[in-house]
Amino acid sequence: QVHLVESGGGLVQAGGSLRLSCAGSGRTLNMYSMGWFRQTPGEQRSFVATISPNGANTIYDASVKGRFTISRDNAKNTVNLQMNSLKPEDTAVYYCAVGSYSRNSQDYRAWGQGTQVTVSS
């Protein structure tokens with residue numbers, strides 16, 4: 001079993017920054033790609049970023065490229081999402097997931113419970 005727990009969400013003004021963390025337990029994450037997705041109530045879960053098992057490769061959605069950075073520390077079994085220059089449209093529940101190096105949510109096998117990010121203007 002693998003368990004993922006997100007943390008670091010909160011309320012921030014437009015233009016500010018937040019750093020989200022995802023802690024894995026139960027199994028090591030170093031064999032898997034990791035992803036971040038986000039979801040607004042009543043909407044589909046959408047892709048944010050993914051990172052390869054060794055951290056060498058990343059993919060970002062165009063809406064966050066240049067503002068967000070995904071990283072991982074396999075020694076600590078954690079994945080992070082640094083979010084800068086936040087916009088109100090970034091407001092969502094953010095989820096981390098274990099799976100393949102993919103933009104598709106269906107390629108991920110386990111998910112955390114999410115952490116709320118709210119950006120005010």
Side-chain angles (χ1 to χ4, degrees):
Q1 301 179 23
V2 60
H3 301 278
L4 302 175
V5 179
E6 302 95 338
S7 63
L11 175 64
V12 65
Q13 289 186 290
S17 298
L18 284 173
R19 184 176 177 86
L20 305 184
S21 294
C22 176
S25 63
R27 292 180 180 176
T28 182
L29 302 176
N30 65 0
M31 294 178 61
Y32 307 100
S33 292
M34 299 292 297
W36 285 97
F37 291 76
R38 61 189 180 184
Q39 188 170 28
T40 301
E43 308 246 340
Q44 292 287 121
R45 191 167 297 184
S46 60
F47 172 75
V48 176
T50 186
I51 188 166
S52 61
N54 66 359
N57 302 289
T58 57
I59 303 172
Y60 297 92
D61 184 72
S63 65
V64 306
K65 193 172 185 179
R67 299 189 298 120
F68 291 11
T69 303
I70 187 171
S71 62
R72 67 191 301 161
D73 186 341
N74 286 339
K76 296 181 178 179
N77 220 37
T78 60
V79 183
N80 302 304
L81 185 69
Q82 178 67 46
M83 305 185 295
N84 298 326
S85 302
L86 283 161
K87 305 174 180 179
E89 53 262 44
D90 295 318
T91 295
V93 177
Y94 283 70
Y95 300 88
C96 68
V98 180
S100 300
Y101 191 63
S102 173
R103 291 179 171 89
N104 299 319
S105 61
Q106 292 80 9
D107 292 327
Y108 295 83
R109 68 188 71 179
W111 298 79
Q113 293 300 303
T115 185
Q116 176 71 48
V117 172
T118 302
V119 184
S120 63
S121 60

Can you find a heavy atom in the side chain of [X] that is under 4.5 Å from one in the side chain of [Y]?
X: Gln113; Y: Leu4; value: no
X: Leu29; Y: Val98; value: yes
X: Arg67; Y: Met83; value: no
X: Ile70; Y: Val79; value: yes

Rounded to the nearest 0.5 Å, what's the gap from [atom1] on [X] to [atom2] on [Y]? Could you check?
X: Thr50; Y: Asn104; atom1: OG1; atom2: CG; value: 10.5 Å
X: Asn54; Y: Arg72; atom1: CG; atom2: CZ; value: 8.0 Å
X: Ser102; Y: Ile59; atom1: OG; atom2: CD1; value: 7.5 Å
X: Met34; Y: Thr78; atom1: CE; atom2: OG1; value: 9.0 Å

(request) Any ring pair (Phe, Tyr, Trp, His ring centres under 6.0 Å) involving residues 27-60? Give me the pairs, sequence neighbours left out, ordered by first then second residue. (result) Phe37-Phe47, Phe37-Tyr108, Phe37-Trp111
(request) Can you tell me which residue pairs pass the ring pair (Phe, Tyr, Trp, His ring centres under 6.0 Å) test with a partner in residues 80-102, sequence neighbours excluded? (result) none
(request) If a pair satisfies side chain to side chain donor-acceptor pair (under 3.5 Å) and one of its residues is in residues 3-12, list it, with sequence neighbours excluded. (result)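 Non-adjacent pairs meeting side chain to side chain donor-acceptor pair (under 3.5 Å): Gln1-His3.
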Determine yes or no for a side-chain-to-main-chain donor-acceptor pair under 3.5 angstrom, with [X] supplying the side chain and [Y] the backbone.
X: Asp61; Y: Ser63; answer: yes
X: Thr40; Y: Ala92; answer: no
X: Thr91; Y: Thr118; answer: no

(message) Could you see if Val12 belongs to whatever hydrophobic cluster contains Val48? Use Ile, Leu, Val, Met, Phe, Trp, Tyr and a side-chain cutoff under 4.5 Å.
(response)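 Yes, it is one cluster - the side chains of Val12 and Val48 are joined through contacts under 4.5 Å.
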(request) Give the cluster check for Ile51 versus Val2: same hydrophobic cluster or not, with ILVMFWY residues linked at side-chain heavy-atom distances below 4.5 Å. (result) yes
(request) Taking all heavy atoms of Glu43 and all of Gln39, pick out the closest pair and write down the distance. (result) O-NE2, 2.9 Å
(message) For Ser121 versus Ala14, what's the shortest heavy-atom pair and its separation?
(response)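 Taking every non-hydrogen atom into account, CA-CB, 4.4 Å.
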(request) Evaluate the side chain to side chain donor-acceptor pair (under 3.5 Å) criterion for residues Asp107 and Ser100: first the C-alpha distance (whole Å), next the side-chain angles of each, then the deciding distance (0.1 Å), finally the verdict. (result) CA-CA 6 Å; Asp107 292 327; Ser100 300; 5.4 Å; no
(message) Ala62: which residues meet the side chain to side chain contact (heavy atoms under 4.5 Å, CB included) condition with it, sequence neighbours left out?
(response)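 Checked Ala62 against side chain to side chain contact (heavy atoms under 4.5 Å, CB included); zero matches.
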(request) For Arg38, check salt bridge (Lys or Arg N to Asp or Glu O under 4.0 Å) against everything at least two apart and list the hits. (result) Asp90
Show me the side-chain donor-acceptor pairs of residues 16-27 shorter than 3.5 Å, one per line, residues at least two apart or across chains.
residue: Ser17; atom: OG; partner: Asn84; partner atom: OD1; Å: 2.9
residue: Arg19; atom: NH1; partner: Gln82; partner atom: OE1; Å: 3.4
residue: Ser21; atom: OG; partner: Asn80; partner atom: OD1; Å: 3.0

